[in-house]
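Right, one structure below, let's go through it.
Lettering of chains follows the sequences in order, A, B, ..., and the numbering in each one begins at 1. Predicted model only: the values in this text are computed from it and were never measured. The basis for the numbers below is simple: all heavy atoms, side chains too, and nothing from hydrogens, waters or symmetry mates.
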Protein chains: 6
Amino acid sequence: MKISARNIIKGTVVSVDKGATTAHVKIEITPGQVVTSSITNEAVDSLKLVVGGPAYAVIKASDVMIAVD
Amino acid sequence: MKISARNIIKGTVVSVDKGATTAHVKIEITPGQVVTSSITNEAVDSLKLVVGGPAYAVIKASDVMIAVD
Amino acid sequence: MKISARNIIKGTVVSVDKGATTAHVKIEITPGQVVTSSITNEAVDSLKLVVGGPAYAVIKASDVMIAVD
Amino acid sequence: MKISARNIIKGTVVSVDKGATTAHVKIEITPGQVVTSSITNEAVDSLKLVVGGPAYAVIKASDVMIAVD
Amino acid sequence: MKISARNIIKGTVVSVDKGATTAHVKIEITPGQVVTSSITNEAVDSLKLVVGGPAYAVIKASDVMIAVD
Amino acid sequence: MKISARNIIKGTVVSVDKGATTAHVKIEITPGQVVTSSITNEAVDSLKLVVGGPAYAVIKASDVMIAVD
């Protein structure tokens with residue numbers, strides 16, 4: 001499947017924290033740079049996400065803001 | 001200002017493409033890894049974004065999806 | 001690629017309207033039920049979207065609201 | 001109330017799963033096609049959502065991605 | 001129609017700027033406090049938005065970030 | 001830090017409700033007008049949000065919908 005989302009960043013799962021319905025998954029995309037994602041517990045199970053496994057962070061361009069110092 | 005968004009990734013602006021109302025800004029966060037952002041033209045002007053300048057991509061955790069091969 | 005987004009709805013592209021930077025793509029998911037998407041022109045080109053072709057609408061669960069009469 | 005969101009899809013509530021703060025609500029929009037929504041528990045109570053009741057999935061066009069095989 | 005979005009803020013339309021496909025609409029919610037919205041041109045037409053008219057800004061709770069100084 | 005998000009609204013924290021992973025934070029932006037935000041527990045801790053303290057609601061323009069009666 002090829003998706004319109006412009007940002008697909010490869011990394012490694014460094015943590016999976018399931019809550020009551022919502023999970024937080026962290027992916028290291030370069031040494032020291034971690035991306036945090038909030039997804040459903042259901043998605044964690046469906047994708048069989050485990051710490052140490054490969055994964056992509058996928059982000060729609062309209063969800064990316066820009067900041068400057 | 002400190003923001004709740006969990007993802008703040010430093011990079012360099014590599015392109016600014018203004019449309020009629022909406023601009024696309026690309027930021028290189030590591031060599032070869034570019035993040036695309038869709039923001040208002042107004043924000044581009046307000047932040048004085050220019051190619052080659054430093055900038056951050058800022059993304060709320062609930063806007064990050066995860067994918068696996 | 002398998003994605004965490006909980007909503008992946010099959011349909012047929014019924015219109016592609018490219019603006020200066022942002023395109024609107026409409027997908028018919030059942031007879032008479034059309035889903036409207038706003039994506040980058042770049043994504044339209046990358047996915048080679050054409051009217052009459054098959055496509056999926058993909059939506060993260062946290063972007064779906066509920067309403068009642 | 002009339003809203004700018006371009007996607008308002010009628011269906012029937014098939015499940016309501018409340019977590020600590022966040023609920024997952026599933027709506028069947030056509031036989032076999034279910035849409036999953038993540039909303040606040042507070043909204044579930046406010047809308048008096050119950051399994052079997054009618055409801056709409058409401059989605060802003062800029063939150064809809066497109067994918068192809 | 002009653003919606004799950006937790007934030008519905010009444011105001012007055014102070015500008016409507018249509019681009020090629022995407023419009024920016026500004027609503028004054030209290031004297032001097034303006035909210036900017038990016039929606040489709042199609043929605044502007046459908047809602048018949050005009051400067052000076054009443055309107056609501058509607059925002060899903062999961063799209064609101066918090067910041068501190 | 002200066003951000004592209006067009007909506008930065010000053011207020012006072014009136015409640016912080018932490019769930020298993022996701023918190024709901026309410027900010028009063030004018031007397032009687034409260035904005036509800038859904039963010040990670042981690043962000044609540046990082047920003048040291050407490051009831052009665054000052055805070056901003058920050059919203060990207062593309063996440064604001066418009067409604068009319």
Side-chain angles (χ1 to χ4, degrees), chain E, chain F:
Chain E
M1 197 178 75
K2 194 174 180 184
I3 196 162
S4 62
R6 292 297 82 197
N7 302 296
I8 302 178
I9 307 174
K10 197 168 191 172
T12 301
V13 178
V14 291
S15 72
V16 176
D17 177 19
K18 287 170 95 170
T21 52
T22 307
H24 293 168
V25 177
K26 290 178 190 281
I27 291 185
E28 191 176 48
I29 57 170
T30 57
Q33 180 69 64
V34 170
V35 169
T36 299
S37 163
S38 174
I39 60 177
T40 61
N41 287 348
E42 196 183 293
V44 169
D45 295 341
S46 170
L47 269 61
K48 297 180 173 55
L49 296 176
V50 289
V51 173
Y56 300 89
V58 179
I59 308 149
K60 196 174 186 302
S62 56
D63 287 327
V64 179
M65 292 164 286
I66 303 290
V68 293
D69 281 320
Chain F
M1 198 180 73
K2 195 174 179 183
I3 196 162
S4 61
R6 292 298 81 198
N7 302 296
I8 302 177
I9 306 174
K10 198 169 190 168
T12 301
V13 178
V14 290
S15 71
V16 176
D17 178 19
K18 287 170 96 171
T21 52
T22 307
H24 292 168
V25 177
K26 289 179 189 282
I27 292 186
E28 190 176 47
I29 57 169
T30 56
Q33 179 70 64
V34 170
V35 169
T36 300
S37 163
S38 174
I39 60 177
T40 60
N41 286 348
E42 195 183 294
V44 169
D45 295 340
S46 170
L47 269 61
K48 297 179 174 54
L49 295 176
V50 289
V51 172
Y56 301 89
V58 179
I59 308 150
K60 195 173 187 302
S62 56
D63 287 327
V64 179
M65 291 163 285
I66 304 290
V68 293
D69 280 320

Between chain E and chain F, identify all donor-acceptor pairs below 3.5 angstrom, including backbone and side-chain atoms.
from  : atom 1 : to    : atom 2 : distance (Å)
E/N7  : OD1    : F/T36 : N      : 2.7
E/N7  : ND2    : F/T36 : O      : 2.9
E/T36 : N      : F/N7  : OD1    : 2.7
E/T36 : O      : F/N7  : ND2    : 2.9
E/S37 : OG     : F/V64 : O      : 2.7
E/S38 : N      : F/A61 : O      : 3.0
E/Y56 : N      : F/A67 : O      : 2.8
E/Y56 : O      : F/A67 : N      : 2.9
E/Y56 : OH     : F/D69 : OD1    : 3.3
E/Y56 : OH     : F/D69 : OD2    : 3.0
E/V58 : N      : F/M65 : O      : 2.9
E/V58 : O      : F/M65 : N      : 2.9
E/A61 : O      : F/S38 : N      : 3.0
E/V64 : O      : F/S37 : OG     : 2.7
E/M65 : N      : F/V58 : O      : 2.9
E/M65 : O      : F/V58 : N      : 2.9
E/A67 : N      : F/Y56 : O      : 2.9
E/A67 : O      : F/Y56 : N      : 2.8
E/D69 : OD1    : F/Y56 : OH     : 3.3
E/D69 : OD2    : F/Y56 : OH     : 3.0

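Contacts between E/I3 and chain F at a heavy-atom distance below 4.5 Å are absent for every atom of the residue. Contact of E/I59 with chain F is made through backbone and side chain together, with heavy-atom distances under 4.5 Å. Only the backbone of E/V34 comes within contact range of chain F, judged by heavy atoms closer than 4.5 Å.
Between F/I39 and F/L49, some side-chain heavy-atom pair lies under the 4.5 Å cut-off.
For chain E, the option among F/V13, F/L47, F/V25 with the highest count of heavy-atom pairs below 4.5 Å is F/L47. Taking F/A61, F/A57, F/G11 one by one and counting their heavy-atom pairs under 4.5 Å with chain E, the maximum is reached by F/A61.
Each of E/V44, E/V58, E/I27, E/V16 was compared with F/I66 under the side chain to side chain contact (heavy atoms under 4.5 Å, CB included) criterion, and only E/I27 meets it.
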